[in-house]
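To start, the structure under review is shown below, and the notes come after it.
What you are looking at is a predicted structure, and each value in this text was computed from that prediction instead of being measured. The chains referred to below are lettered A, B, ... by the order of the sequence lines, with proteins before strands, and numbering in each begins at 1. In what follows, every heavy atom counts, from backbone to side chain, and hydrogens, waters and symmetry copies are set aside.
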Amino acid sequence: MADTALDSPATAGHDDHAAGHATSTGLSNNKLAMWMFLGSECLLFGGLISTYMLYRGRHEGSPTPSQLYNIPLTSISSFVLLMSSLTMVLAVSAAQRRDDRNTTTWLTVTALLGATFVGAQVFEFTEFVHEGLGFTTNLFGSSFFTLTGFHGVHVTVGIIMLMALVGIISRSKFPGDKAEVVEMIGLYWHFVDIVWIIIFTLVYLIPS
Amino acid sequence: MSTAHALAVDDAAPGDDAAHADGGHHEHAHGLTDLGYVKVAIFLAVLTGMEVSLTYVHIGAFFMPILLILMVVKFVTVVSYFMHLKFDNKIFSWLFYSGLILALGVYLAALCTFQFFAGN
Amino acid sequence: MAISERPSVPALAGNGGSAYVTPSSSMGVFRRPVSTTGWRSWVFTVDHKKLGIMYGVVAMTFFVIGGCEALLIRLQLAAPNNKVLSAGAYNQMFTMHATTMVFLFVMPMAAAFANYLVPLQIGARDVAFPRLNAFGFWCFLFGGIFLNTSWFLGGASDSGWFAYAPNTSVAFSPSHGVDFWALGLQITGIASLTGAINLIVTVLNMRAPGMSLMKMPIFTWMILVVQFLLLFAIPVITVALFLLSFQRNFGAAFFSVEKGADPLLWQHLFWIFGHPEVYILVLPAFGIVSEVLPVFSKKPLFGYKFVVFSGAAIGFLGWGVWAHHMFASGLGPVSVAVFSVATMAIALPTGVKIVNWTMTLWGGKLSFTTAMLFATGLIIEFTIGGLSGVTHAVSPSDTQQTDTYYIVAHFHYVLFGGAVFGLFAGFYYWWPKVFGKLLNERLGKWNFWLMVIGMNLTFGPMHILGLQGQPRRMQVWTDFRAGEGFFNLAFWNRVASVGSFVLALGILFFLINVLYTAKKAEIAPLDPWDARSLEWMTTSPPKEHNFDAIPHVHELDEFFHRKYEEDEATGEIRQIATYEDIMAEEMAHADKHFHMPSPSYWPIILALGLPIVAYGIIFQRILAVGGAVVILLAMFGWSLEPSVADESDYEPPTDGGTTKELATLG
Amino acid sequence: MTTNQTRHRRWALPLAGFGALVVLSGCAKDAPQDTWQPAGDNARKIDNLQQPVFMIAGLVLVIVAAVVGYCVFKFRDKGQAIPQQSHGKPALEIALTIIPALILVGIGIPTVNTLFKLAKTSDTQCVVNVTGQQWWWEYDYPVQDGCGGISAPIVTSGQLVIPAGQKVLLRISSRDVIHSYWIPKLNGKRDAVPGRVQTLRLQADQPGIYAGQCTEFCGLSHAYMRMEAVSLDAAGFKSWVENQLAPYEAPAAGSTASQGEALFVSQCSRCHQVNGILGADGTPVISRPDKYVYSGAVPNLTNLMTRTTFAGAAYDLMTQDCKTALWNTPSAQFSAKYLEGVSPECLDTVQLRQWLRNAPAKKPMYADPAKLVETGGKYRGMPNLGLTEDQIDKLISYLTERK
Ligand code: HEA
Ligand code: HEA
Ligand code: CUA
Ligand SMILES: [Cu+2]
């Protein structure tokens, strides 16, 4: 079971600096932590998605999911979020080239695309409320808004982080390794995107 | 090269501090070129297009499985390429996929118990 | 402090060494805290050892609180139709007893041990994310205080520790108790999650050179498994608690049966978390006894690899059995059958542990110090609890047993006879490491024997009570249903109540011992037990930077192997060095610069924001906004402040003298 | 302390808990909820399954304790040399894993087997709907050929009456929170989950009375939510049914009871149903508990005096002596004895009076009008109605005629 990657550097001898990071595995602490956090988030979103799946058919007193969903709109906003993953990865790539200007540009574009997505979601929510589906209306409503709301909050937190990053990089006040932090936030951003890939299919495309 | 990477760490000669001192990353060498990322994005966009158009044509029993497969392909593509999991140390894959698989396992099992009840 | 210069006084002379510090600023406004003495050195510390001690002190306080709640429960149940506690007070009492013991005593006490010892055991100078570590502690403390303030703000939660919906809905539990409970656990959950990430990274990334995973001390291994369980279990309870809070505070419908909700959703979510949780509680104790038994048997842990794998296997299997808490809920026979069989399977890896501990004793040279007594006691007491667990796994029988005192007996045997005994073994074993003094062995023996007698008197009769039909969570029982004869339920209830006071007396002896030791006892030798692992290869208490030189590891039980050698020819074990030799050797090669994390204001400020938000949600929404602002500000301050004070403040390390790198954001 | 003493205690104490369990558990004679004294087929199936499991568990404990005890005794430090630093014996480990695995397989197979037998519903002969609410159980018998034939619905509470020897199927649900139905001598538990109907088999070999208790924590008065299952022989059950369905007999005009009836209509009927009772205007009075009580149901008092307990079987309508006598009646005479109901010489109205004087003071309930915002003003339980002693006398004499 013992993974060689976990063990080998430790046996390599005296010099901790042999690897990119002075750690037993040679991997960055920050990145390791971020991946662990994302693994843990799988169980969070898994719980929310399961709650929705269990309750999506229980929509007494409101229009049904298939009546409510505006597939064209959601498709576009899903596409926007998907493309923000592209711009994010371009930002990471620029950061790794230590190209600050492109990094900040791509980060800004990513944040804007994210904001577009959130905007569409806010619009969608208000539409639903107009049509008679509120947070407290029924089980479908509670679980729909909780699931998509949690995702929306994740996107929003991502946007805040991206903008903070832009600010910090352009003022070049940065503790530690810039590229690595861009990469970490990128991981978070992509994760939020893949969660939406699942939500888009399970919630919107597959009718109850 | 990607699988060997985990071992590459301790292959580095002792005293090879250069990469570290300037904050450089051994991950540099991996991943795609910017053009490569654009191609992946186009692939994803096409899949999304397929998904959406599927909801407008009626293909009966295949609808669900196809959508689910497309979903998984998109998911894995983003994780592997944009998140570099394919190129990175496999510890990261372990951490993430163990969370993912665990989540799938427990929640599907839990949902199943609701089904079993219905059939009881 | 930013850096510790190499101590000028001999390392063996204990804590100390001169240190100078240059503060760097935080957020351009505040100077970073720099005190190395006084209360500030504790409140703003990021030192894993100080945090470990703080975790311990606070957890112990909560143990006494939770224990006093238990004593009130036992007083109420000492006689039929008793009136010590009203129904409402009783319900709050057992809910808070369980919540306190589980979330505010055993889990944080395990965190105390993990925090203090894991870096020492793997030869690191701190954890990977020192500020995150401090943040976790403050979350735990504030969360715990927040939970307990509910007593004074309209009543504590009265829904039991597993808080089944819909009894937790506002209509059925109109006080704010459940709100406090849900939000409080959310806050302590943050402590567990950040702690988990931190410790996993620490163990993976900060081991001393040569320490491969299979040379890691077993306690560190068990802590690693526990952190993975936490990493994946905490988000599940987080979801459940969010649904509950949304239900209560924002009118969501998740548990509104009249709207078609299924109450079993809560049960699944709670127990998907809840069963891994019980292994989260007991595995650290297993780790502790797996350290203690070898030391006092003068033998390595029998089947180290099997113990490691069985720990991992328990962690893994623990995910597939949660529905054994729901055998009477109406899952349908197919699901029940699956979970019944899966539950039985967990007896196997646990059995492996019991076997290996016993075989560690076998052929050893056993000295029964108090630590050893607790460890040996654990083997027996835990086995009793584990075996009653197997009788629950037989699902048809469990429909007779569930929600009776037979279950209460089961889980107190595994929790008290398992987790708590393990922690006490740890107290006696590591006390000289942490405080430089040995706990008194005479008082320790009293402590142990009173606890053993007390726990068996308290929880043993509960087996009988339960099998004779006394349900749990009953404010009163009646004479009419107690049966006839002298040894009826009334008798056993009384025995249990008397036993609980014997138990309390035992624990009182521990507290007395602590005070006595603090006042009287001599400074302990540095290696009082002839120990085997790295944490003993430094001063007691360790200096801020833990090790003068990071040891290079060649063996499992490195320390032991530096002291003893096996004669190839005769197979005889010979001492080749004393601990003084070894430590002098380490000192001679001491590193010149220690790259230590710096104290910070942000962890405590960030943590303080959380209960403010929570009070806000319950009482006044605007307060929540204020709390959120505190949190946001603290986060910004945090991310702009380097974990280790600015480069300009110290001479960057040039040789291998640094520890493994600390995370920039940690 | 000397090593010798220590050794003794080490052996004695850990075993005390489990030893006490094995040896003394039979000592509480006739504990009414003893799970080890099955009185019907379903409970017996469970018992047959668990007895060997307990034996095995006990044996494993004795072995572990013996080996540990032996080590403690044998390998205590007596100045021997430091032992070999052996790291384990894989063969031993594997053997000691396989043996428990085999034991568990041996336990697992009969477990699954019994489980499916107990889940069977197709062969039952008699159906009763059981509904839990805070903090009492309602039983309603649908019209059926089973149970020896029931021609009109019967609604009762507190005591479940079933025909002895028949395979009864309970259909269990709840009106508010989760409760759990449990008659230990007849079967294990089944949770009453609101929104779900779950089944439980029940069968009593002999006529008799069997104690039970709600076992899912259900709020304030969970401890007071008890129940009793009464099994009657075929003839006895038939006459019980007939009595339940007998037409209402109004008290003699002008009697105290008759004044009580009027009081009942004005004070109690808004919640409590008495089948056949007429209002002042001569029309039948239909109660509306849903308007006043959160669960929407309140015990039906038509035949209050046929049951011997009230308010979730927590309080008695008969004296302690009579109660003990009833519980100890041999099964051959039991049905007749039970059908006497609460006879005049057994009647004990002390508790009932306390109940009417101030119900929430007797049994913890949510009945403080000031604190009912969350439930829209509805009670959870019975409120204090502020009756005078005179009114209580009248109501008691009315209620004691409800046979
Ligand atoms: C430290 C905590 C802890 C631990 C370790 C365990 C361990 C186990 N538990 Fe326990 N359990 C709890 C804490 C714990 N439990 C709590 C708190 C509850 C109640 C929650 C509540 O309702 O409030 C509970 C409830 C509980 C239930 C639900 C009961 C009910 O409510 O109806 C069940 C059912 O299967 C169960 C089973 C088990 C089993 C099979 C094990 C096994 O892991 C035990 C394995 C150990 C052994 C078996 C002994 C050693 C083995 C050998 C010597 C080998 C040979 C053995 C055999 C061949 C049998 N537990
Ligand atoms: C780690 C967990 C843990 C621990 C350590 C304990 C410890 C104890 N528990 Fe615990 N208990 C639970 C976890 C735990 N319990 C859980 C999860 C439940 C289920 C709750 C629910 O149903 O929701 C429960 C329920 C529970 C019940 C059932 C309540 C009911 O169902 O109605 C009872 C009843 O006796 C009980 C008793 C005790 C006693 C006497 C102790 C003793 O061991 C306590 C000993 C400690 C002290 C006594 C304090 C320290 C002593 C001193 C400071 C000495 C000086 C003081 C005085 C002498 C006053 N507990
Ligand atoms: Cu009803 Cu407990
Ligand atoms: Cu469990």
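- Separating the CE atom in A/Met36 from the CD1 atom in C/Ile200 is a distance of 5.0 Å, to the nearest 0.5 Å.
- Contacts from residues 135-144 of chain A to chain C, taken as heavy-atom pairs separated by less than 4.5 Å, involve A/Phe135, A/Thr136, A/Thr137, A/Asn138, A/Leu139, A/Ser142, A/Ser143 in sequence order.
- Other residues, nucleotides and ligands place more than 12 heavy atoms under 6.0 Å from the CZ atom of A/Phe125.
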Using the side chain to side chain contact (heavy atoms under 4.5 Å, CB included) rule, take A/Lys31 and C/Val201 through it: C-alpha gap first, then chi angles, then the decisive distance, then the call. CA-CA 10 Å; A/Lys31 220 170 124 182; C/Val201 175; over 6 Å; no
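- A pairwise comparison of heavy atoms in C/Met206 and A/Ser24 identifies N-OG, 3.4 Å as the closest pair.
- Side-chain atoms of A/Arg58 and C/Asp262, non-hydrogen and from C-beta on, do get closer than 4.5 Å to each other.
- Atom CZ of C/Phe250 sits in a crowded spot, with more than 12 heavy atoms from other residues, nucleotides or ligands closer than 6.0 Å.
- Taking NE2 of A/His59 as the reference point, atom NZ of C/Lys259 lies at 15.0 Å (rounded to 0.5 Å).
- In this structure, chain A has a heavy atom under 4.5 Å from the side chain of C/Leu243, while its backbone stays farther away.
- Options A/Leu32, A/Leu54, A/Leu48 differ in how many heavy-atom pairs under 4.5 Å they form with chain C, and the most are formed by A/Leu32.
- The main-chain N or O of C/Phe232 is never found under 3.5 Å from a side-chain atom of A/Ser40 such that the two would form a donor-acceptor pair.
- Using non-hydrogen atoms only and a strict 4.5 Å limit, the part of residues 145-152 of chain A facing chain C consists of A/Thr146, A/Phe150.
- Contacts with chain C (heavy atom to heavy atom, under 4.5 Å) involve no residue of residues 103-121 of chain A.
- The local environment of CD in A/Glu131 is crowded, with over 12 non-hydrogen atoms from other residues, nucleotides or ligands closer than 6.0 Å.
- Of the atoms belonging to C/Phe242, it is side-chain heavy atoms, and not backbone ones, that fall under 4.5 Å from chain A.
- To the nearest 0.5 Å, the span separating CG on C/Leu265 from OG1 on A/Thr51 amounts to 5.0 Å.
- In plain terms, the two heavy atoms of C/Val239 and A/Leu43 that are nearest each other are CG2-O, 4.4 Å.
- A/Thr25 approaches C/Leu204 most closely through the heavy-atom pair CG2-O, 3.4 Å.
- For C/Ile272, no part sits under 4.5 Å from any heavy atom of chain A, backbone or side chain.
- In terms of heavy-atom proximity, A/Ala33 sits nearest to C/Ile197 at CB-CG2, 3.5 Å.
- Counted within 6.0 Å of NE2 on C/His554, heavy atoms from surrounding residues, nucleotides or ligands total more than 12; the atom is thus considered enclosed.
- Taking CG of A/Leu44 as the start and CG of C/Leu193 as the end, the distance is 9.5 Å to the nearest 0.5 Å.
- Note on residues 233-254 of chain C: pairs passing salt bridge (charged side-chain N to carboxylate O under 4.0 Å, His left out), not counting sequence neighbours, are C/Asp179-C/Arg248.
- The closest donor-acceptor contact from the side chain of A/Tyr55 to the backbone of C/Gly260 lies at 3.5 Å or more, if one exists at all.
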